[in-house]
Peer 1: 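Here's a structure for you.
For ligands, and for the atoms within them, numbers begin at 1 and follow the listed sequence.
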Amino acid sequence: MKLYEYSAAELSEMLMTGKCSSAEIAYDVSERIKEAEPAVGAYITLNDSMLRDAELIDNARNRGGLPHPLSGIPIAVKDNISTAGIRTTCASRMLSSYIPPYDAHAVDCLHRAGSIVTGKTNMDEFAMGSATDTSFFHTTHNPIDTAYSAGGSSGGSAAAVCAGEAILALGSDTGGSVRQPASFCGIVGFKPAYGAVSRRGLIAFAPSLEQIGVMGKTVRDAELLYQLISENDPMDPMMRTCSCKHSSSLRIGVPKELFDSTIVSDECREASFSALRLLETDGAVLTEISVPKLRYAANIYYVISSAEASSELARYDGVRYGHRSQNAAGLESMYVKSRTEGFGDEVKRRIMLGTFVLSEGSREAYYLRALAAMRELRHELDAVFDSCDIIAAPTYPRPPFSANEAQSATDKYSADICTVPANLAGLPALSVPCGKAKNGLPVGIQLMSPAGAEQRLFAAAKKYEELCGGFAQFRGGSGYAV
Ligand code: GLN
């Protein structure tokens with residue numbers, strides 16, 4: 001077995017007992033990148049000093065330092081998470097030559113633990129999309145079958161972990177962008193509760209909804225990376241700690257709105273149910289629940305996230321940083337041309353939608369109504385957590401689609417119905433592989449809990465991982481088709 005095929009937890013053990021070095025792991029991963037990258041396209045920028053960084057970590061370890069379990073482990077970073085001195089583009093022409101002067105807090109955590117950054121992964125432009133096909137650079141392909149999409153927007157991060165081009169990865173999740181690509185690539189993706197991980201250095205799309213999230217081959221791997229990056233950051237005023245009573249039972253709420261056959265394909269519903277039945281044989285109690293506002297979750301999400309995007313992306317005006325048009329005659333024309341040339345179609349669509357829902361006359365009808373509906377959804381979810389410990393749903397209503405499938409914007413938007421509720425309510429949510437669709441690609445099941453009850457999610461997911469015999473089977477044996 002090559003070193004890139006192991007989990008982070010296994011490699012950590014091997015490093016601690018001297019069975020391999022960080023330099024050997026980094027070498028194997030870099031060779032794997034050379035081999036798989038032409039077909040997969042997981043990265044935008046590679047970290048040129050990865051091998052040197054790994055040697056430095058080995059030296060530190062030999063001197064007795066670096067006790068952290070993730071020291072020496074290669075980790076990919078989504079390209080909307082700032083890395084000092086390494087280009088951070090958000091997969092946009094607008095930031096195609098932007099080099100941040102500082103590290104995001106999560107990246108700072110990786111460095112302090114002695115983890116190795118492999119590079120910056122491809123994504124949908126400004127994290128808007130579900131297929132990593134709105135990137136200015138290239139489309140990312142699913143390593144399990146490169147005719148298929150890796151999902152998005154963190155498709156590069158998911159593909160990198162799936163293909164062994166990194167051992168772990170950071171992504172960002174505004175409406176499902178960690179969980180959906182994780183499900184497409186047969187790996188584990190975790191979106192933390194709102195405020196559980198610092199957003200400092202994450203380039204904003206819709207700040208009231210998004211979080212940096214983690215991806216790995218196993219639940220334990222995702223948990224290890226989450227533990228590392230969830231350190232308190234006094235410079236993010238939105239950080240908060242929640243706690244929840246421990247619950248020894250496992251009552252799983254099954255919301256009928258997210259299993260509705262008009263929304264979810266038979267394949268995805270069946271795969272989720274078979275996972276739930278397996279947990280039931282182990283003592284979990286399944287209860288059907290109803291959360292009526294879930295039906296509107298995608299509508300609410302697209303109004304609020306676009307409104308925030310239109311305001312956040314106003315800063316890209318060609319003046320201080322970002323693309324500046326060379327063909328402008330005056331100041332007004334410079335703003336217009338810089339933004340016209342710098343942003344792709346999907347980003348422009350969101351900015352226009354967001355500007356519209358905030359404009360006079362539409363604000364009450366759309367934006368304020370969406371906020372009110374979001375509050376009602378939160379109340380409904382709070383109420384169901386009185387009778388269940390976690391809520392389960394398919395991660396995505398349909399199996400992975402082909403890499404260049406033409407889909408209307410509204411079809412893509414409505415397919416986010418299963419992932420966006422956790423963002424609207426600030427809940428932690430985890431996607432784990434639970435089966436394969438007819439096309440041979442993996443599908444995932446999603447578990448959500450109240451904020452502060454992350455341990456319940458990790459415990460339930462680990463239990464399922466154990467009962468189903470591990471997730472590698474859903475990636476197709478070892479999971480390396482490229
Ligand atoms: N697909 C969603 C969107 O396009 C999710 C994006 C995300 O989580 N960053 O907005």
Peer 1: Could you pull out all residues at least two apart from Pro400 that satisfy side-chain contact (heavy atoms from CB on, under 4.5 Å)?
Peer 2: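 Checked Pro400 against side-chain contact (heavy atoms from CB on, under 4.5 Å); matches are Phe184, Leu441, Val443.
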Peer 1: Residues two or more places apart in sequence or in another chain: which of them pass side-chain contact (heavy atoms from CB on, under 4.5 Å) with Ser362?
Peer 2: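 Once residues adjacent in sequence are excluded, the partners of Ser362 under the side-chain contact (heavy atoms from CB on, under 4.5 Å) criterion are Phe356, Ser359, Tyr366.
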Peer 1: Check each protein residue for a heavy atom under 4.0 Å from ligand 1 and list those that pass, ordered by chain and number.
Peer 2: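 Under the 4.0 Å cut-off, ligand 1 touches Ala127, Met128, Gly129, Ser130, Ser153, Asp173, Thr174, Gly175, Gly176, Ser177, Phe205, Tyr301, Tyr302, Arg350, Asp416.
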Peer 1: Take Ile116 and Ile73 through the test side-chain contact (heavy atoms from CB on, under 4.5 Å) and record every step on the way to the result.
Peer 2: CA-CA 6 Å; Ile116 312 294; Ile73 303 294; over 6 Å; no
Peer 1: Show your reasoning for whether side chain to side chain donor-acceptor pair (under 3.5 Å) applies to Lys120 and Thr89.
Peer 2: CA-CA 9 Å; Lys120 306 301 297 289; Thr89 70; over 6 Å; no
Peer 1: Show which side-chain atoms of residues 149-157 pair as donor or acceptor with protein atoms under 3.5 Å away, not counting sequence neighbours.
Peer 2:
unit_1	atom_1	unit_2	atom_2	d
Ser149	OG	Gly151	N	2.9
Ser153	OG	Lys78	NZ	2.8
Ser153	OG	Ser177	OG	2.7
Ser154	OG	Lys78	NZ	2.9
Ser154	OG	Ser172	N	3.4
Ser154	OG	Ser172	O	3.2
Ser154	OG	Ser177	O	2.8
Ser157	OG	Thr121	OG1	2.8
Ser157	OG	Leu170	O	2.9

Peer 1: Check whether the side chains of Asn122 and Asp79 place a donor and an acceptor atom closer than 3.5 Å, and report yes or no.
Peer 2: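 Note: Asn122 and Asp79 side chains miss the donor-acceptor criterion.
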